[in-house]
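The structure is given below, and queries will be raised subsequently.
Labels below follow one simple rule: chain letters A, B, ... track the order of the sequence lines, proteins then strands, and each chain is numbered from 1. What you see below is based on every heavy atom in this structure, not just the backbone, and it leaves out hydrogens, waters and symmetry mates.
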Amino acid sequence: MTAHPLIRMLDRGAVLFLALLGAFAIAIPVLNLLVPEGSALHVSTYLVALFGKYVCYGILALSIDLIWGYAGILSLGHGAFFALGGYAMGMYLMRQIGTRGVYANPILPDFMVFLNWKELPVYWYGFQYFPYAALMVMLVPGALAFVFGWFAFRSRVTGVYLSIITQAMTFALMLGFFRNNFGFGGNNGLTDFKDILGFNVQAEGTRNALLVVSCLALAIGFLICRAIVTSKFGKVLVAIRDAEARTRFLGYRVEAYKLFVFTLSACMAGVAGALYVPQVGIINPSEFAPGNSIEAVIWVAVGGRGTLTGAVLGAFVVNYAKTFFTSGVLAPYWLFMLGGLFIAVTLLLPRGVIGTYNHWRDGRGEARAAGVPNAPPHAAK
Amino acid sequence: MRGFNGLLIALALAFIALVSVTLARAQSPGDVLAKFTTDDFSDTAEAVEALAASGDKMAAPIIFALQDGRLLFDAKSKTVFIKDASGAILDAATGQPVTAAPAELETVGINNRLRRAIEAALGTLTLLAPEPQKRLEAALAVYKSRDEKALPALDTAIAKETNANIKRALLEARAAVIVLSADAPEAARLDAVGVIRARGDQEALSLLSSLPADAPPALAKAAASAIKAIQGQLEIWNGVQNAWYGLSLGSVLLLAAIGLAITFGVMGIINMAHGEMVMIGAYVTFMVQEVIRTRYPGLFDYSLLMAVPLAFLVAGAIGIAIERGIIRFLYGRPLETLLATWGLSLILQQAVRTAFGSSNKEVGAPSWMSGAFEVGHLNITYGRLWIICFTLIVFVALLAMLRFTRLGLEMRAVTQNRAMAAAMGIRTARIDALTFGLGSGIAGIAGVALSQIDNVSPNLGQGYIIDSFMVVVFGGVGNLWGTLVGAFTLGIANKFLEPYAGAVLGKIAILVLIILFIQKRPRGMFALKGRAVEA
């Protein structure tokens, strides 16, 4: 039990996950760029962008798992942080269009010219610089989460109340971003991007690079989360999840712990959104829809909350299923399946796939150690 | 030439305005009609004036025909004809069909100035119409046109009028004319200002504001004070109207949230499929109306009354099935309940979409729900009024049920202390199912009412779910009165914010305020105290 922190952090599952992610990040670009088209092994550029999207969803799922799985905070508004990060990146991409827009205005994005605006709003200043935009990608969601969390946790809004007000938060933001005079393109959002850091966003090379960067971000996010949950800090989080009042009485500043992970998680969600936008080529207010945030929660539930790897796996599996079913004749039945998934997972598989596996493995290990075959599983929490 | 002609006509009209009444008396109907045949705008205008003042029974049809371009004339014989809607030619003097109309009939031409004269003339004519509704409209038309030529007709009409409402409208029209007439004696104009002031609406305001700057000082002063008084009054009416709209919105919120107050507030179940229960209620209404339309059209006025119990039963049965099938396995795990019921809401929406299609369904309003009446300057539609009444009835019925029936007693017992209730022999599992069914059934009833004011589509429920949760959380969980106060507070606050911030920003502001409010009072306005809180 006194293993080196690094060893504790990188257990067998974590190493396996990172290895798989690395292999994925290398294999897909190789199969796309080097294997000739027509070969059975060739991966189309469409799939590269699709996988890139899934990786971003994976980062979002990871950020949700960090707060839900370990600190017991069920946010139904994480889509808002994701979308805010996306908007920050979208603003950078809009400024990069320059004179290539329909109205060829060197400063104002097309939709502002269309609305007859004469000047760039102050909050758009600086977004032509990538480092500034990249900073905002984390700062804006982080700041919102900090302020929101500071109010919420300090007044001990917990459980479903927190879930409902986070949902109200993303709903309010959605209504706001739908308005034209908010200065974010209203209904249509931001789209028609040309360049990112001087590379064409549509180009094959850029798409592969974005996939690799997304995988890298996922790996970094995973390592940060692992570092947190395997540290003493992480143990306190779990204590808060399981018995908040008791932890408080033991002298821990529960609010500070929660606020820290909540803000960190929002920053991660922001990064996920920022990487998502150049790969799908659009960001609009529907990303704020409460349904999106809840859907992200179900990815985590499917994979297994409190496992980190499970969250990413869940994001991949559910989204792959979504792509598969919504593109075929089964499209009208997708919502039945998604709804059924929500119910089935909560009723039959409350630990999720990875969680159930871990539980089964641990139970077997303990049973073997105790010399009792078929030991009863732990009582469900 | 157009401009010159226009000037001529203007001069002619001004002249006519002063003398037409006396002239008209002197002219025989034949002379008047002959004026239409000269094809000269000013002659036509004179003829219109004269006809209007004559009170001849053919006056109205002739002027209508002129307005529609159906008035024809034969220049040679100086006779005038009306072509009626079927194309038959009538003699304008007698109104009898003409067997052999002259071959080359020309249409009497009109221009914009003439059109205005025609409208004023029609206003004057209809002031004396036998139908009250027409007289009222005519009085309002004169009020708007402020046509001095209508004055004599107005005086006649006022003397004859017996209906108090129309008489008031006529007096106001007369006052409107006199206030702006520079020739009227000052005392009369001051009286008129008083009449207009008593009217006290936006129209009165614009009328008084249009008083020319060279008006006598006493008149200007009276008008200014009247304007101020009217503005103050309008301000108050504006507030009353906002409050009324707020009550209306609040009742809708209450209706949507009241079922949730049972399932979430009393049982602590986060039912994200609550909105879908409302939606199902609306679809039940739609189906009831479909059956009535095709089989028993005479019963249409009772369709909503029939839909209410049906919606309650259907939604309630679905609710009980949900509780037995899903929720009972998830007690004590609120976050999982939330996810499972969200999934359920997706399934229900898609099921309705598959069964009925995703387009909006037409749900009609029975006759007793359409129409409106006015209280002061407040326009109240019967539909809204009924929804408010209905909401309050549902609310009171629910309170009474919880308070006075055995089921209500058992529900409260299980909520307060489940173990003790079970020890007393209450079958708690059955009560859970019935309570959830009750909450869902009330949501179904809400759907019947909401089908009258919202689009009946599979997405109907989604629009209400966040609002409903806000109402319940804001009002205080586990307290029906809190839900009532919460719903009306939010509804009224929303409507009072709307004029300043716009509909969307107002809504955002409300959401932000609630989020802040929850920080301050995490358990809502009327929080339960004591042990029940953590239970």
Side-chain angles (χ1 to χ4, degrees), chain A residues 68 72-74 76 148 150-179 181-182 245 289-291 294-295 297-298 300-302 305 332-348 350 380-381, chain B residues 264 268-270 272-273 322 325-327 329-330 332-351 353-354 358 458 462 465-470 472-473 477 502-524 534:
Chain A
W68 187 35
I73 305 167
L74 176 56
L76 295 184
F148 192 88
W150 193 72
F151 278 117
F153 299 138
R154 204 186 46 141
S155 39
R156 301 190 190 169
V157 178
T158 52
V160 291
Y161 291 88
L162 189 84
S163 305
I164 290 170
I165 62 167
T166 50
Q167 193 179 29
M169 175 193 77
T170 190
F171 187 65
L173 280 169
M174 179 178 76
L175 292 179
F177 273 78
F178 264 122
R179 288 173 64 87
N181 55 12
F182 249 52
I294 298 187
E295 216 177 300
V297 169
I298 205 66
V300 180
V302 168
R305 54 188 278 217
Y333 302 101
W334 164 247
L335 278 181
F336 285 125
M337 303 179 64
L338 184 64
L341 193 65
F342 272 91
I343 297 171
V345 166
T346 47
L347 282 184
L348 308 175
K381 164 78 191 100
Chain B
F264 177 47
I269 298 169
I270 309 292
M272 297 301 271
I322 293 172
I326 297 172
I327 290 172
F329 303 109
L330 296 172
R333 289 158 58 194
L335 297 181
E336 273 91 342
T337 316
L338 192 158
L339 293 179
T341 48
W342 176 265
L344 193 70
S345 81
L346 293 182
I347 292 178
L348 288 174
Q349 274 178 40
Q350 189 59 27
R353 201 172 285 131
T354 313
S358 53
Q462 273 187 328
I465 187 73
I466 290 185
D467 284 340
S468 309
F469 270 110
M470 288 297 124
V472 175
V473 168
V477 172
V504 176
L505 275 187
K507 186 149 189 167
I508 296 173
I510 290 284
L511 284 176
V512 171
L513 284 179
I514 293 177
I515 291 173
L516 289 177
F517 178 83
I518 290 178
Q519 323 289 339
K520 204 76 205 149
R521 303 200 58 167
R523 303 270 162 195
E534 293 296 333

Exercise for the section: Under 4.5 Å heavy-atom distance to chain A, tell me which part of B/Leu330 shows up: side chain, backbone, both or neither. Expected result: side chain
Handout entry: Largest heavy-atom contact set with chain B, pairs under 4.5 Å, which of A/Leu76, A/Val160, A/Val345
Key =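 The answer is A/Val160.
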Exercise for the section: With rounding to the nearest 0.5 Å, note down the distance linking OG1 in A/Thr170 to CG in B/Leu511. Expected result: 11.0 Å
Exercise for the section: Heavy-atom pairs under 4.5 Å with chain B are the metric here; pick the option from A/Pro350, A/Ala152, A/Gly159 that has the most. Expected result: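 Most pairs with chain B among the choices: A/Ala152.
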Practice task
Please tell me if the side chains of A/Gln167 and B/Met272 come closer than 4.5 Å, counting only heavy atoms from C-beta onward.
Solution key: yes
Handout entry: Distance in Å, A/Ser155 OG paired with B/Phe517 CZ, rounded so as to fall on 0.5 Å steps
Key = 11.5 Å
Completion exercise
Residue from A/Pro332, A/Gly339, A/Gly340 scoring the most non-hydrogen pairs under 4.5 Å with chain B is A/Gly339
Problem - Minimum-distance pair of heavy atoms, taken over all atoms of B/Leu338 and A/Ser163 - result: CD1-CB, 4.1 Å
Handout entry: Heavy-atom side-chain contact between A/Phe342 and B/Leu344 under 4.5 Å
Key =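 No; the side chains remain at least 4.5 Å from each other.
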Problem - Pairwise distance CG(A/Leu175) to CD1(B/Ile510) - rounded to 0.5 angstrom - result: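 If I round to the nearest 0.5 Å, the distance is 12.5 Å.
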Practice task
Examine whether an atom of B/Leu348 lies under 4.5 Å from a heavy atom of chain A, and if so say whether it belongs to the side chain, the backbone or both; otherwise answer neither.
Solution key: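 Interface part for B/Leu348: neither.
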Handout entry: From B/Leu339 atom CG to A/Leu347 atom CG, the distance as rounded to the nearest 0.5 Å
Key = 11.0 Å
Exercise for the section: Below 4.5 Å from any heavy atom of chain B, which atoms of A/Leu341 appear? Answer side chain, backbone, both or neither. Expected result: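 A/Leu341 has no heavy atom closer than 4.5 Å to chain B.
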Practice task
Quick one: pull up CD in A/Glu295 and CH2 in B/Trp342 and give me the separation to the nearest 0.5 Å.
Solution key: 9.0 Å
Practice task
Please state whether the side chain, the backbone, both or neither of B/Ile326 comes within less than 4.5 Å of a heavy atom of chain A.
Solution key: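 Its backbone and side chain both get close to chain A.
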Practice task
Go through A/Ile294, A/Val157, A/Ile165, A/Leu74 and name the one with the most non-hydrogen pairs under 4.5 angstrom from chain B.
Solution key: A/Ile294
Exercise for the section: Can you see which heavy atom on A/Gly72 is nearest to which on B/Leu335, and at what distance? Expected result: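 The answer is O-CD1, 4.4 Å.
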Practice task
Quick one: which of A/Ile298, A/Leu338, A/Thr166, A/Ile164 has the most heavy-atom pairs under 4.5 Å with chain B, could you say?
Solution key: A/Ile164
Problem - Side chain / backbone / both / neither for B/Ala509 at chain A, heavy atoms under 4.5 Å - result: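 Looking at B/Ala509, nothing touches chain A.
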Handout entry: Contact summary for B/Ile466 and A/Pro290, nearest pair of heavy atoms
Key =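 Closest heavy-atom pair between B/Ile466 and A/Pro290: CD1-CG, 3.7 Å.
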Practice task
Against chain B, label A/Met337 side chain, backbone, both or neither, depending on which of its atoms sit under 4.5 Å from a heavy atom there.
Solution key: neither
Practice task
Apply side-chain contact (heavy atoms from CB on, under 4.5 Å) to A/Met169 and B/Val512, showing your working.
Solution key: CA-CA 8 Å; A/Met169 175 193 77; B/Val512 171; over 6 Å; no
Problem - Engaged part of A/Phe336 at the chain B interface, taking heavy atoms whose separation is under 4.5 Å - result: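 Both backbone and side chain of A/Phe336 come within 4.5 Å of chain B.
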Problem - Distance (rounded to the nearest 0.5 Å) between B/Ile465 CD1 and A/Phe171 CZ - result: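 Rounded to the nearest 0.5 Å, the CD1-CZ separation comes out at 11.0 Å.
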Exercise for the section: Please state whether the side chain, the backbone, both or neither of A/Trp334 comes within less than 4.5 Å of a heavy atom of chain B. Expected result: neither
Handout entry: Other residues, nucleotides, ligands: >12 heavy atoms within 6.0 Å of A/Phe151 CZ
Key = no
Practice task
Please check if the side chain of B/Arg333 supplies one atom and the backbone of A/Thr346 the other of a donor-acceptor pair under 3.5 Å.
Solution key: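 Yes; at least one donor-acceptor contact below 3.5 Å.
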Handout entry: Enclosure of B/Phe329 CZ (heavy-atom neighbours >12, cutoff 6.0 Å)
Key = yes
Completion exercise
Checked B/Gly332, B/Pro334, B/Gly343 vs chain A; the most non-hydrogen pairs under 4.5 Å come from B/Gly343
Problem - B/Ile270, part contacting chain A, at a heavy-atom distance under 4.5 Å - result: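 For B/Ile270, side-chain heavy atoms alone lie under 4.5 Å from chain A.
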